Structures are given as structure tokens and as C-alpha cells.
There are 2 protein chains.
Amino acid sequence: MFSKTCEYGIRAVIYISAKGSQESKIGIPDIGKNIEAPVQFTAKILQTLVHNDIVSSQKGVNGGFYLNKQQKQKQLIEVVRAIDGDKMFSGCGLGLKSCSEKEPCPLHDKFKAIRSSLKKMMEQTTIDEMSKTLKIGRVLLRIEQFVKHEE
Amino acid sequence: MFSKTCEYGIRAVIYISAKGSQESKIGIPDIGKNIEAPVQFTAKILQTLVHNDIVSSQKGVNGGFYLNKQQKQKQLIEVVRAIDGDKMFSGCGLGLKSCSEKEPCPLHDKFKAIRSSLKKMMEQTTIDEMSKTLKIGRVLLRIEQFVKHEE
DNA sequence: TCAATAAAGGATAAAAACATCTTTTATTGT
DNA sequence: ACAATAAAAGATGTTTTTATCCTTTATTGA
Ligand code: FES
Ligand code: FES
């Protein structure tokens, strides 16, 4: 469905949103470990997300990643668009160069319905919403249990 | 959504079903040209589909590919399974090693609904059905118009 | 002020996907 | 029989995706 890069990106964003804040930023090793993704590769993906104003970052001592209020309210589709582009939400299911009503592929009518539900779903889901289910421990971002913060 | 290999595979199968028959088999150059796919690569994909009893083939003079009656009735999901496997229909949307109700990812509830519609759609759609819309010229498998057979 | 820290950036490497080329095998019309 | 044909099979090449390594830049607490 999404590229591996995009999957890591979404997981990272949800984790950062759940665990980080402007006061307590999250470092790449922490992120990589908790979303079970290659650390350096995750760093690259986060660069892209910072460029696209989906994640905030700060260099230096006590630096790291976090999401500001506006960023937490972003839709998941924006994360996908920043990494994989729009292909999944507008491209042809059989790989034709373009998807159109005028020159549709055999699967067009049935496929566009699915594609449209997927798009709607990714638009209706915010990062914040996902991070909340993670916080209360209902869901996981890796096989082993999410490491609960001691407080 | 599907791999390029799978897209070519589905297009090829629909084309062969529409244009070929046991009496008049279709050759790889014809297929490659009409579905706008690399010829030799398409040959490889068809090998896989023959092994999986989705397409029939015959070597030698007047040989080529065709679909028998049972094969025409197969569901599109079988083509996808033969090439891409089952990942798209059972894997986690965020790339976790497994998708389960017991240890779901944050997107699980929403994602499984989409995935399930996609699966149902690919199960309810037969190769024959797709090839019929191609035959009557309502749809295309490539940018340029499908070459109508002279009869 | 400066050493420690952590992200940013650039270069490189490994793996997978996509694609092509060449040889072999089976089939058939003559 | 056999030459022509077309898929099967195996080897190889290219491109894209995924992943790692190393250097640079910005920040900050002591
Ligand atoms: S043309 Fe193929 S999905 Fe629209
Ligand atoms: S666990 Fe992620 S979709 Fe089911």
C-alpha cells in the first residue's frame, strides 16, 4: 500500500506526537528503537517531514523532534503525500499512465471507489488521534510493548 | 497499490482473455504491444501465471497464450496472489510484522475496513468480466486505443 | 568560550524490483 | 525428418528503493 519509507514516516510521526513535546524533544535513537525502524534511515525520513512542516526539530543539546499544535492536527494523508506523493490517491490501479473517466482501464469504476475510501479515511484521521490511542496503550507501533514513560 | 509486475500481469491476463482463444492463441509480442509493457518482462510474468494455472500456453507453431473456460472465471485476486502474494490483503497498513486484533497498530481499525473492501472487490471481479468491457471497447489497457480485431 | 550534543547533509552501499539477453525445449506444418 | 516457430528457462544487466556511514552545522549548558 505505502512504501516502507512512508510506513516508517507515519510510525515515527505518531510516536513523536505521543511521546514528545516542545519541552521534551525526542531523539532519533529513541524513535528508531520504539518504532522498530533503522535509525539512520529514519533520520532521513524525518528530514523530509521537517521540510514539509509536518514535524519540528531542534539541533544541539536537549534537541530532537516534536510536533507543535498545528502539526498534531495534520491529517495522515499529508504525511503520505510528503513521502510517497499523490499516486496512491489518484493513480490508476492497473498502472496506466493516467486515470481518467474518459479513458478508463477495465478496473476503473470499481477501483476508484476503494481509492476514494482510502483517501477519505486518510483525510479524516489526524496524527493527534492516532497518537492518543498509542498513549492509552490500546495499540502498538512495534511487536514488543510500547515502552511506557515513568511518571 | 500493486507492484508493476502485478499490474502488467493483470493487464496481460485481461488482454489475453479478450483477444485469445484455444483456436487462436496470442503471442508475447502482440501482448506486450497492446498492454504497453516490456515484452520480455511480460514473458516472465506469464510464466508465473502459467505455473499458477491462471493462463494456458502452447509452444511451437501457432502457439501462444489463451485462457480456458475455468481460467476465464477466475477472480482477479488470484492473479494478484500469484504475483504479489497476500500482503496487500492481510498485511499491516503501517508495516508492522503482523496485523492482528490483539496487537493492532494505531491505524488498524480504519485500515482493515479499506483492505477488506479491496479484497472483496478483487474477489467479486472475474477476468472474464474485465475482458468483456475491453471487448466492447468501453475501456483501455494502454493510452492509445485498443486495436480492434477485424471480423 | 567551548566541549558536548543532536540534527542536517552528502556520499556510499546493499537489496529488491524491474528489465533484457541468450540458450533450450516443445510443437507443428511441410 | 526437419525447418520454422514460439514459449520456457537461465543468466545477466539496470534502476529504484532501502539502508548506512561520515562530515558539517547549529545549539546550549557548564
Ligand atoms: S484508469 Fe485505471 S483506475 Fe482509473
Ligand atoms: S495491525 Fe496495522 S493494520 Fe492491523
Side-chain angles (χ1 to χ4, degrees), chain A residues 1-13 16 19-20 22-33 35-67 80 82-85 87-88 94-95, chain B residues 1-13 16 19-20 22-33 35-67 80 82-85 87-88 94-95:
Chain A
M1 183 76 61
F2 307 119
S3 70
K4 232 164 170 34
T5 308
C6 192
E7 290 171 351
Y8 292 151
I10 298 173
R11 302 224 299 269
V13 158
I16 296 167
K19 196 95 188 303
Q22 186 143 18
E23 297 74 46
S24 170
K25 308 182 187 74
I26 312 293
I28 289 175
D30 181 0
I31 297 165
K33 192 174 152 198
I35 70 170
E36 217 151 36
V39 169
Q40 302 274 49
F41 190 51
T42 304
K44 284 288 180 219
I45 300 166
L46 286 171
Q47 273 182 35
T48 303
L49 295 177
V50 168
H51 289 149
N52 283 272
D53 187 31
I54 288 163
V55 171
S56 302
S57 71
Q58 178 143 325
K59 287 182 182 177
V61 178
N62 294 322
F65 297 89
Y66 66 97
L67 271 69
V80 176
I83 298 172
D84 281 351
K87 203 182 160 199
M88 179 61 60
L94 296 188
Chain B
M1 182 77 62
F2 307 120
S3 70
K4 232 163 170 33
T5 308
C6 193
E7 291 171 350
Y8 293 149
I10 298 173
R11 302 222 299 268
V13 158
I16 295 166
K19 196 96 187 300
Q22 186 141 18
E23 297 75 45
S24 169
K25 307 183 188 73
I26 312 291
I28 289 174
D30 181 0
I31 297 165
K33 192 175 152 198
I35 70 170
E36 217 153 33
V39 169
Q40 301 275 48
F41 191 49
T42 304
K44 282 289 179 216
I45 300 165
L46 286 171
Q47 272 182 34
T48 304
L49 295 177
V50 167
H51 289 148
N52 283 272
D53 187 30
I54 289 164
V55 171
S56 302
S57 71
Q58 179 144 323
K59 287 182 182 177
V61 178
N62 295 323
F65 298 89
Y66 65 98
L67 271 70
V80 175
I83 297 173
D84 282 351
K87 202 181 160 202
M88 180 61 61
L94 297 188

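The sequence lines fix the lettering, A, B, ..., with proteins before strands; numbering per chain opens at 1. Since the model is a prediction, treat every value here as computed from it, not as a measurement.
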**Fill in**
Considering only heavy side-chain atoms of B/Phe41, the closest of D/dA8, C/dC18, C/dA7 is C/dC18
**Item:** Donor-acceptor pair, side chain of A/Thr42 and main chain of A/Pro38, under 3.5 angstrom
**Value:** yes
**Item:** Test item: B/Asp84 side-chain N/O and B/Phe2 main-chain N/O as donor-acceptor pair under 3.5 Å
**Value:** no
**Message:** Can you say whether a donor on the side chain of B/Gln58 sits under 3.5 Å from an acceptor on the base of D/dA7, or the other way round?
**Reply:** no
**Asked** Hey, does the side chain of B/Tyr8 come within less than 4.0 Å of C/dA19's phosphate (OP1/OP2), counting only N and O?
**Response** yes
**Prompt:** Between D/dA9 and B/His51, is there an OP1 or OP2 to side-chain N/O distance shorter than 4.0 Å?
**Reply:** yes
**Item:** Contact nearer the 5' end of DNA chain D, comparing B/Lys44 with A/Thr5
**Value:** B/Lys44
**Request:** Look at all strands and tell whether B/Ile26 reaches a base, only sugar-phosphate, or nothing, counting heavy atoms closer than 4.0 Å.
**Result:** sugar-phosphate
**Item:** A/Ile31 vs A/Leu46, side chain to side chain contact (heavy atoms under 4.5 Å, CB included): CA-CA, chis, key distance, verdict
**Value:** CA-CA 10 Å; A/Ile31 297 165; A/Leu46 286 171; 3.8 Å; yes
**Message:** Looking only at the side chain of A/Gln40 (C-beta and beyond, no hydrogens), which of the listed nucleotides D/dC22, C/dC21, C/dA6 gets closest?
**Reply:** D/dC22
**Request:** Between C/dT20, C/dA8, D/dA8, spot the one nearest the side chain of B/Gln47, thanks.
**Result:** D/dA8
**Prompt:** Where the side chain of A/Lys59 is defined as all heavy atoms beyond and including C-beta, which of D/dA26, D/dA7, D/dT20 is the nearest nucleotide?
**Reply:** D/dA26
**Nearest-angstrom distance from the residue atom CD1 of B/Ile28 to C1' of C/dA19** = 14 Å
**Candidate pair B/Thr48 and B/Ile54, rule side chain to side chain contact (heavy atoms under 4.5 Å, CB included), full reasoning** = CA-CA 9 Å; B/Thr48 304; B/Ile54 289 164; over 6 Å; no
